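A short write-up of the structure that comes next.
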Amino acid sequence: MEGIDHLADERNKAEFDVDEMKIVWAGSRHAFEVSDRIARLVATDPVFEKSDRARLSRKELFKSTLKKCAHAWKRIIELRLTEEEAGRLRFFVDQPAFVDLHWGMFVPAIKGQGTEEQQEKWLSLANKMQIIGCYAQTELGHGSNVQGLETTATFDPKTDEFVIHSPTQTSSKWWPGGLGKVSTHAVVYARLITDGKDYGVHGFIVQLRSLEDHSPLPNIIVGDIGTKMGNGAYNSMDNGFLMFDQVRIPRNQMLMRLAKVTREGKYVPSDVPKQLMYGTMVYVRQTIVADASNALSRAVCIATRYSAVRRQFGAQNGGIETQVIDYKTQQNRLFPLLASAYAFRFVGEWLKWLYTDVTARLQASDFSTLPEAHACTAGLKSLTTTATADGIEECRKLCGGHGYLWCSGLPELFAVYVPACTYEGDNIVLQLQVARFLMKTVSQLGSGKAPVGTTAYMARAQHLLQCRSGVQKAEDWLNPAVVVEAFEARALRMAVACAKNLSKFENQEQGFSELLAELVEAAIAHCQLIVVSKFIAKLEQDIGGKGVKKQLNNLCYIYALHILHKHLGDFLSTNSITPKQASLANDQLRSLYSQVRPNAVALVDAFNYTDHYLNSVLGRYDGNVYPKLFEEAWKDPLNDSVVPDGYQEYIRPLIKQQLRTARL
């Protein structure tokens with residue numbers, strides 16, 4: 001029934017001010033107002049309609065993406081949107097496109113690695129989109145191992161040019177978004193060779209296509225790598241391949257902020273510290289963590305609203321059936337994901353602060369916190385993207401059979417999101433980087449060098465290795481100091497156990513290789529501690545009224561105690577808690593689920609997503625699910641005719657037993 005809010009009763013149960021929570025979620029009143037205004041602008045513009053994406057062919061989908069990007073740019077100029085507003089507009093358009101890589105990778109690469117002169121030249125063009133760029137690093141044969149890249153850039157002193165070349169098939173650039181059909185330029189990463197010496201991987205600005213007719217330039221082979229997972233989904237992006245056959249570029253198109261090659265061919269490192277590169281890496285990974293909270297909250301919003309609409313079993317004497325959200329099994333799967341969405345939001349906010357802090361330190365030539373910041377951001381990128389990809393799929397299952405429909409919004413969301421587990425660092429490889437840093441930190445504990453940042457707790461190793469949790473009743477698990485100490489003890493003891501096992505090997509690298517699985521687990525424990533401690537730190541701030549704070553408190557401890565339950569083996573095997581204390585944690589968890597239950601729908605309303613952005617029949621704000629499912633079904637091209645094409649040729653002969661059989 002149109003115009004009726006089928007979830008009104010749920011919203012009336014809320015024990016907090018939803019508008020206050022919207023501001024907390026957005027980060028500030030200003031951020032909320034910008035986001036709200038831009039979301040509505042996009043939702044009411046017919047050019048940004050997206051409900052038909054699954055029914056488009058790849059070519060149609062790609063052309064519609066080009067149309068949306070051009071229209072978005074037109075609106076950005078017409079409305080004189082700020083950089084912040086333009087970013088929100090691209091977010092709410094919600095279609096993977098070449099502009100994501102242009103603004104997210106190409107422009108930051110030139111800002112981070114180009115000289116002032118290079119920035120002035122190239123950014124003036126890129127910022128007006130007079131050139132469109134991508135980031136060509138990954139190759140067919142090498143992804144995570146950047147030092148293994150095979151593309152070469154050989155300096156020719158006779159002509160003052162670099163010769164860019166793909167010596168093997170595996171050296172083809174493979175995957176860069178925007179490369180396949182759109183980008184006119186790329187920052188290409190290649191092995192710099194001058195005077196016969198290989199100086200490793202450096203970045204070069206290379207023009208790929210004509211600015212007149214868009215045809216590839218001579219000796220460049222470029223195209224799209226093909227259809228990817230899902231209907232619609234990431235297939236709107238032209239991920240590409242690229243090969244060079246002795247392509248010449250001017251010497252000044254090498255990005256020269258960190259090193260340069262002189263006219264004579266001499267390689268000269270600059271005075272700018274190479275560590276500055278880490279600032280860009282921290283920024284990119286911070287945005288990925290923010291994206292994780294966006295994607296997970298979107299899936300949780302759909303699953304929560306539908307769980308409140310859907311009724312199944314439990315009817316007494318012909319009465320109404322039970323809402324699915326009232327079953328403890330549903331709450332046990334759904335509410336930790338709701339808590340995770342908020343947890344990732346707040347750790348993402350903290351990473352923004354970390355980026356600002358790291359940048360300020362770098363400019364003051366203070367590199368002391370860099371290794372820790374690098375490890376921390378690597379680990380949080382891995383932790384949040386893995387949990388989000390798994391969480392979206394869990395939300396699909398929480399919606400039963402209807403969750404498998406494209407119009408639920410969940411299959412496409414999963415297909416769009418899941419590459420995040422691989423790009424910008426494979427998640428297991430990243431956790432191993434964290435593990436290496438933890439092993440180094442543990443090895444220095446007795447040296448007088450104090451651990452910094454998120455590893456500062458390791459300075460209390462003597463206490464954490466011996467302490468026993470003081471939990472005696474379920475309510476004790478709502479004490480922040482008790483929870484944090486349990487997580488610190490678990491993380492430290494796992495790291496120390498790995499270090500002890502490593503010391504048994506004469507060859508450290510062989511030991512590391514043997515203990516990979518245990519090292520990953522230790523790294524995950526450390527990263528989960530970071531998320532828990534940052535959520536608790538958020539609660540100590542002046543955020544919202546009493547009702548808002550109570551809900552965030554409940555979600556914080558649901559996140560922490562669910563992690564404890566899920567990784568109970570770690571906590572017990574390290575003697576961080578006892579089996580009795582684990583049982584009390586479960587008791588407290590059930591109590592928290594009951595407290596969140598009346599507030600669940602309001603807590604996802606606080607994400608402030610429009611129906612256009614959610615693009616989900618199951619997650620509609622008004623809960624009017626069943627009539628809309630039928631509407632979507634009728635739109636399918638198979639329903640254009642009552643009798644299907646092929647009836648006369650195949651179905652009728654089958655029914656009438658008129659199929660001709662071949663005689664041998």
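Please read these numbers as outputs of a predicted model, since none were measured by experiment. Sequential numbering from 1 along the given sequence is applied to the chain's residues.
By the 6.0 Å contact criterion, NE2 on His567 is enclosed, its count of non-hydrogen atoms from other residues, nucleotides or ligands being greater than 12. The number of heavy atoms from other shown groups lying within 6.0 Å of OH (Tyr404) does not exceed 12. Around atom NZ of Lys352, no more than 12 heavy atoms belonging to other residues, nucleotides or ligands sit under 6.0 Å away. Sparse packing is recorded around NZ of Lys67, with 12 or fewer heavy atoms of other residues, nucleotides or ligands lying under 6.0 Å away. Surrounding CD of Glu78 are more than 12 heavy atoms belonging to other residues, nucleotides or ligands, all under 6.0 Å away. The 12-atom threshold is not exceeded at NZ of Lys566, counting heavy atoms of other residues, nucleotides or ligands nearer than 6.0 Å.
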* **Working for side-chain contact (heavy atoms from CB on, under 4.5 Å), residues Glu20 and Ile543** => CA-CA 9 Å; Glu20 257 189 71; Ile543 42 166; over 6 Å; no
* Asked: After noting the C-alpha distance and the side-chain angles of Glu49 and His612, does the key distance pass the side chain to side chain donor-acceptor pair (under 3.5 Å) rule?
  -> CA-CA 8 Å; Glu49 174 59 40; His612 172 272; 5.5 Å; no
* Test ring-ring contact (aromatic ring centres under 6.0 Å, His included) on His562 and Phe335 and set out the steps. => CA-CA 10 Å; His562 180 75; Phe335 291 170; over 10 Å; no
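Taking the side-chain contact (heavy atoms from CB on, under 4.5 Å) definition, one finds that Val289 meets it with Val347, Leu351, Leu380, Thr384, sequence neighbours left out. Qualifying salt bridge (charged side-chain N to carboxylate O under 4.0 Å, His left out) partners for Arg590, counting only residues two or more places apart in sequence or in other chains: Asp587. Residues passing the ring pair (Phe, Tyr, Trp, His ring centres under 6.0 Å) test with Phe98, sequence neighbours excluded: none. In this view, Tyr457 and His526 satisfy the ring pair (Phe, Tyr, Trp, His ring centres under 6.0 Å) rule, not counting sequence neighbours. Glu33 pairs by the side-chain contact (heavy atoms from CB on, under 4.5 Å) definition with Arg29, not counting sequence neighbours. Looking at residues two or more places apart in sequence or on another chain, you find no side-chain hydrogen bond (donor to acceptor under 3.5 Å, both in side chains) involving Thr610.
Using a 30° and 60° split on the angle between ring planes, Trp25 and Phe607 fall in the tilted class, from 30° to 60°. Between Phe92 and Tyr613, the ring planes are perpendicular. Angles over 60° get that label, and only those under 30° would be called parallel.
Inspection of the Asn599 and Lys13 side chains reveals no N or O donor paired with an N or O acceptor under 3.5 Å. Of the N and O atoms on the side chains of Ser591 and Gln595, at least one donor lies less than 3.5 Å from an acceptor on the other residue. Ser236 and Lys68 share no donor-acceptor pair across their side chains, judged by distance under 3.5 Å alone. With no hydrogens or angles considered, a side-chain donor-acceptor pair links Glu372 and Thr454 at under 3.5 Å. A donor-acceptor pair shorter than 3.5 Å can be found between the side chains of Ser297 and Tyr609. Checked by atom type, the side-chain pair Arg345/Asn294 shows a donor-acceptor distance below 3.5 Å. Between Asn427 and Thr385, the side chains place a donor N or O and an acceptor N or O closer than 3.5 Å (distance only, hydrogens not considered). At a cut-off of 3.5 Å, with distance as the only test, no side-chain donor of Asp94 or Asn615 sits close to an acceptor on the other residue.
Classification of Arg333 and Glu394 as a salt-bridged pair holds, one side-chain N sitting under 4.0 Å from a carboxylate O.
The side chain to side chain donor-acceptor pair (under 3.5 Å) with Tyr626 is formed by just one residue from the set Arg310, His6, Glu631; it is Arg310. Screening Ile325, Asp622, Leu614, Val300 for a side chain to side chain contact (heavy atoms under 4.5 Å, CB included) with Arg305, the sole residue that qualifies is Leu614.
Distance check: Leu296 CG to Asp291 CG gives 12.5 Å after rounding to the nearest 0.5 Å. Interatomic distance, CZ of Arg88 versus CD1 of Ile38, reported as 9.5 Å (0.5 Å rounding).
Taking the centre of each ring, Phe106 and Tyr135 stay at or above the 6.0 Å mark. For an aromatic pair to be called close, the ring centres must be under 6.0 Å apart, and Phe437 with His374 fails this.
Closest non-hydrogen pair, Gly27 versus Glu349, comes out as CA-OE2, 3.8 Å. Minimum interatomic distance between Cys376 and Leu354 (heavy atoms only, all atoms of both residues): SG-CD2, 4.4 Å.
Looking at heavy atoms from C-beta onward, Asn235 lies out of side-chain contact with Met229 at the 4.5 angstrom threshold. For the pair Leu629/Cys407, a side-chain contact is recorded, criterion being any heavy-atom separation below 4.5 Å from C-beta on.
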